[in-house]
Amino acid sequence: MAGFINILLVIDAIIMIVLVLLQSGKSAGLSGAISGGAEQLFGKQKARGIDLVLHRGTVITGVLFFVLAFLSAYVIQ
């Protein structure tokens, strides 16, 4: 059982890494961080289209990752 949970954990981690890498960047580099980073941080811009799907997928895989990690620690104990 522990081996199966650990395999699911690794697969979930790989999927989460891919989803994060596929998302578009939100900052304009160092100059955006100094001058206009606060506008994007506190702005009302919402993700649309494929960015929305990637964002939701990242959140779901992140929650699943923590659930599997806690479940893995519980099963091993």
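Model, not experiment: these values are computed from the prediction. Reckoned from all heavy atoms, side chains included, excluding hydrogens, waters and symmetry mates.
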> Which residues satisfy the side chain to side chain donor-acceptor pair (under 3.5 Å) test with Ser72, sequence neighbours excluded?
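Result, side chain to side chain donor-acceptor pair (under 3.5 Å) vs Ser72: Asn6.
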> Partners of Ile7 by side chain to side chain contact (heavy atoms under 4.5 Å, CB included), sequence neighbours excluded?
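Ile7 satisfies side chain to side chain contact (heavy atoms under 4.5 Å, CB included) with Ile11 once adjacent residues are dropped.
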> How long is the span from the CG atom in Leu9 to the CE atom in Met16, to the nearest 0.5 Å?
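Answer for the CG-CE pair, Leu9 versus Met16, is 8.5 Å.
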> Among all residues two or more places apart in sequence or in another chain, which pass the side chain to side chain contact (heavy atoms under 4.5 Å, CB included) test with Leu22?
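Scan of Leu22 (side chain to side chain contact (heavy atoms under 4.5 Å, CB included), adjacent residues dropped) gives Val18, Leu54.
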> To the nearest 0.5 Å, how far apart are OG1 in Thr61 and CD1 in Ile15?
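Here the interatomic distance stands at 7.5 Å.
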> Could you tell me the separation between the OG1 atom of Thr58 and the CD atom of Gln23, rounded to the nearest 0.5 Å?
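Reported value, rounded in 0.5 Å steps: 4.0 Å.
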> About how many Å separate CZ of Phe66 and CZ of Phe70, when rounded to the nearest 0.5 Å?
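Those atoms lie 7.0 Å apart.
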> Not counting sequence neighbours, which residues clear side chain to side chain contact (heavy atoms under 4.5 Å, CB included) with Ile14? List them please.
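Per chain and number, Ile14 pairs via side chain to side chain contact (heavy atoms under 4.5 Å, CB included) with Val10.
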> Side-chain heavy atoms under 4.5 Å apart, restricted to Ile/Leu/Val/Met/Phe/Trp/Tyr: what other residues fall into the cluster of Leu21, or is it alone?
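Cluster partners of Leu21: Ile17.
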> With Ala2, which residues qualify under side chain to side chain contact (heavy atoms under 4.5 Å, CB included), at least two apart?
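Checked Ala2 against side chain to side chain contact (heavy atoms under 4.5 Å, CB included); matches are Val75, Ile76.
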> Report the hydrophobic cluster partners of Ile60, with the cluster defined as I, L, V, M, F, W, Y residues connected by side-chain heavy atoms closer than 4.5 angstrom, directly or transitively.
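Direct or chained contacts put Ile60 with none.
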> Measuring from atom CG of Leu64 to atom CG of Asp12, what distance do you get when rounded to the nearest 0.5 angstrom?
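The CG atom of Leu64 sits 4.0 Å away from the CG atom of Asp12.
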